[in-house]
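For reference, the structure discussed in these notes is given below.
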There are 2 protein chains.
Amino acid sequence: MEEHILFQALADPVRLRIVEAMRSGEWAVGDIVERMDIHQSGVSRHLRILAEAGIVQMRPDGQRRLYSVRAQAFDRLEAWVASYRRHWDRRLDRLGNALKGKSV
Amino acid sequence: MEEHILFQALADPVRLRIVEAMRSGEWAVGDIVERMDIHQSGVSRHLRILAEAGIVQMRPDGQRRLYSVRAQAFDRLEAWVASYRRHWDRRLDRLGNALKGKSV
DNA sequence: AGTGTATATACATGGAAGAGCATATATTGT
DNA sequence: ACAATATATGCTCTTCCATGTATATACACT
């Protein structure tokens with residue numbers, strides 16, 4: 001479980017912007033540096049945090065490192081959210097049944 | 001969108017435990033204090049952060065305040081995750097088509 | 001081998017955030 | 001009105017984290 005590490009990684013605005021940018025595929029570190037207004041060392045550190053959280057993966061390409069998002073991380077997020085929805089559905093069902101029983 | 005505020009609120013382990021506990025419905029502040037090993041003032045502060053992020057809502061009940069989770073917050077999360085999945089599906093489709101075209 | 005390029009890491013620093021304590025602000029009951 | 005209970009908030013302290021600078025490491029090219 002430990003989902004809070006996942007959330008911690010996405011909590012920083014710069015990291016979230018990096019992840020959002022990665023919707024469009026793989027990015028080299030230098031490309032990210034150009035778009036984000038932050039120093040290269042910062043980008044590398046952010047990428048390390050994202051990688052440790054399992055959100056991104058790295059693929060070496062010559063002297064560059066291409067980073068991309070891992071679908072499995074979003075599977076975890078989706079499963080987490082879904083577990084709440086199941087709880088609510090149950091509660092709404094109970095509410096609905098209670099209303100049906102009481103009124104009408 | 002500013003989803004990073006949502007993630008920031010869920011990034012703290014204590015806050016995440018509070019949210020997890022709220023799967024089972026409404027909780028008064030004092031009840032949370034009993035289960036979490038933290039001072040009451042801390043719980044109140046965490047609840048304020050969760051409320052400002054739109055994750056929980058409050059309902060006064062006498063001298064107590066009953067907190068519960070807001071389904072809409074999870075709608076936002078779910079939508080966010082879903083937008084990534086759409087991107088991947090498109091990319092996988094392209095990959096699939098490319099493979100079909102090249103091999104066989 | 002040596003030079004240039006791309007990325008990662010060690011270090012120091014400023015600022016944010018979480019913790020407990022004390023106190024303020026309801027609300028209930030007498 | 002007063003005492004008791006429940007919760008929120010101001011304060012201080014400490015810890016953590018993001019940042020930039022400087023440096024190390026890895027790779028490419030000649």
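Reminder, nothing fancy here: chain letters follow the sequence lines and each chain counts from 1.
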Taking the six-membered ring for Trp, are B:Trp80 and B:Phe74 closer than 6.0 Å centroid to centroid?
no
Is any side-chain N or O of A:Arg48 closer than 4.0 Å to OP1 or OP2 of C:dT9?
yes
Please enumerate all protein N or O atoms sitting under 3.5 Å from an N or O of nucleotides 27-30 of chain D, with distances to 0.1 Å.
from	atom 1	to	atom 2	distance (Å)
D:dC27	O2	A:Gln63	OE1	3.4

Show the nearest heavy-atom pair for residues A:Leu6 and A:Ala53, with the distance to one decimal.
CD1-O, 3.7 Å
So A:Tyr84 and B:Glu20, do their side chains get closer than 4.5 Å, heavy atoms only?
yes
In whole Å, I'd like the distance from the CG atom of A:Asp31 to the P atom of C:dT5.
16 Å
What one should report as the nearest heavy-atom pair of B:His4 and A:Ala11 is ND1-O, 3.4 Å
Does B:Ile18 reach the side chain of B:Met36, with side-chain heavy atoms less than 4.5 Å apart?
yes
Salt bridge present between B:Asp75 and A:Arg85 (N-O < 4.0 angstrom)
yes
Would the distance check show the side chain of A:Arg15 and the main-chain N or O of A:Ala9 forming a donor-acceptor pair, the cut-off being under 3.5 Å?
yes
Determine: side-chain N/O of A:Tyr67 to OP1/OP2 of C:dA6, distance under 4.0 Å, yes or no.
no
Kindly indicate whether the side chain of B:Ile32, heavy atoms from C-beta on, has any atom under 4.5 Å from the side chain of B:Leu47.
yes
What's the CD1-P distance between B:Ile18 and D:dT7, to the nearest Å?
13 Å
Could you go through residues 54-69 of chain A and list every donor-acceptor pair under 3.5 Å that involves a side-chain atom there, pairing it with any protein atom two or more places apart or in another chain?
from	atom 1	to	atom 2	distance (Å)
A:Arg59	NE	A:Glu26	OE2	2.7
A:Arg59	NH2	A:Glu26	OE1	2.8
A:Arg59	NH2	A:Glu26	OE2	3.4

d(CE, A:Met58; P, C:dT9) in whole Å
9 Å
Would A:Ile5 and A:Glu52 count as a side-chain contact (heavy atoms from CB on, under 4.5 Å) if you check the C-alpha gap in whole Å, the side-chain angles of each, and the deciding distance to 0.1 Å?
CA-CA 9 Å; A:Ile5 295 185; A:Glu52 284 172 356; over 6 Å; no
Distance, rounded to the nearest Å, where B:Glu34 contributes CD and D:dT7 contributes C1'
14 Å
Show each protein N/O and nucleotides 17-25 of chain C N/O combination with a separation under 3.5 Å, one pair to a line.
from	atom 1	to	atom 2	distance (Å)
C:dG18	OP1	B:Arg15	NH1	3.2
C:dG18	OP1	B:Arg15	NH2	2.8
C:dA19	OP2	B:His46	NE2	2.6
C:dA19	N7	B:Arg45	NH1	3.1
C:dG20	OP2	B:His39	N	3.0
C:dG20	N7	B:Arg45	NH2	3.4
C:dG20	O6	B:Arg45	NH2	3.2
C:dC21	N4	B:Ser41	OG	3.0

Polar atom pairs (N or O), protein with nucleotides 13-16 of chain C, under 3.5 Å:
none

In degrees, rounded to 10°, what is the bend between the two ends of the helix from C:dA1-D:dT30 to C:dT30-D:dA1, using five pairs at each?
30°
With A:Arg35 via side-chain hydrogen bond (donor to acceptor under 3.5 Å, both in side chains) - residues at least two apart:
none
Establish whether A:Ile49 and A:Val33 are linked, either directly or via other cluster members, by ILVMFWY side-chain heavy-atom contacts under 4.5 Å.
no
Is there side-chain contact between B:Leu77 and B:Leu10, with heavy atoms separated by less than 4.5 Å?
yes
